[in-house]
Amino acid sequence: ELPELTEDDPMAIGLGYKKDTTTVDAAKQPRHTADQQCSNCALYMSKSETAGTCAIFAGKHVSATGWCSAYAKKA
Ligand code: SF4
C-alpha cells in the first residue's frame with residue numbers, strides 16, 4: 001500500500017496539489033476548473049474508488065478528487 005500524497009509534501013506544494021479539487025484557489029490557479037480532478041487526468045491510474053497513482057508523484061497515492069497544476073485532460 002502506497003503512502004498518500006499530502007498537501008505539505010514539497011513537490012505537492014510546488015505543483016499546487018490539493019486533495020480536494022474544490023479547494024483549489026482560483027486566484028492562484030486560473031487554469032483550474034471545477035470539473036478537473038485526478039480521476040479524469042491523463043496522468044492518473046486508478047487503484048481504487050478513491051485513490052490512484054500519478055505519473056508525477058511516484059511512490060505515492062493521489063486522491064481521485066484531487067488536482068494539481070500539471071493536470072492534463074484525459075483524451
Ligand atoms: Fe492529479 Fe493529474 Fe496532478 Fe497527477 S498530474 S496530481 S493525476 S491532476
Side-chain angles (χ1 to χ4, degrees):
E1 183 76 359
L2 295 173
E4 186 185 352
L5 179 68
T6 56
E7 292 180 3
D8 61 357
D9 175 282
M11 256 186 81
I13 292 171
L15 287 170
Y17 174 78
K18 297 291 179 196
K19 277 163 66 174
D20 178 351
T21 192
T22 66
T23 68
V24 173
D25 184 341
K28 285 186 190 160
Q29 305 288 356
R31 266 185 71 243
H32 174 262
T33 59
D35 61 315
Q36 298 175 352
Q37 59 180 42
C38 294
S39 66
N40 59 39
C41 174
L43 301 177
Y44 184 75
M45 191 174 288
S46 178
K47 298 292 178 188
S48 73
E49 261 179 52
T50 56
T53 56
C54 167
I56 291 180
F57 298 105
K60 300 276 170 71
H61 267 159
V62 297
S63 168
T65 55
W67 186 89
C68 87
S69 61
Y71 176 86
K73 191 174 170 58
K74 194 179 282 185

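Whatever order the structure lists ligands and atoms in, that order sets their numbers, starting from 1. Quick caveat, the model's predicted, so the values are computed rather than measured.
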By residue and atom, what protein N/O/S atoms are less than 2.8 Å from atom 4 (Fe) of ligand 1?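 You should have found C54 SG.
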
How many angstroms lie between atom SG of C68 and atom NZ of K19, to the nearest 0.5 angstrom?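 Those atoms lie 15.5 Å apart.
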
How long is the straight-line distance from NZ of K73 back to CD of Q36, given to the nearest 0.5 Å? 8.0 Å

Do [X] and [Y] touch side chain to side chain, with heavy atoms closer than 4.5 Å?
X: H61; Y: T50; value: no
X: S63; Y: Y17; value: yes
X: Y71; Y: T21; value: no

Between K60 and the options T53, D9, T6, the side chain to side chain donor-acceptor pair (under 3.5 Å) test singles out D9

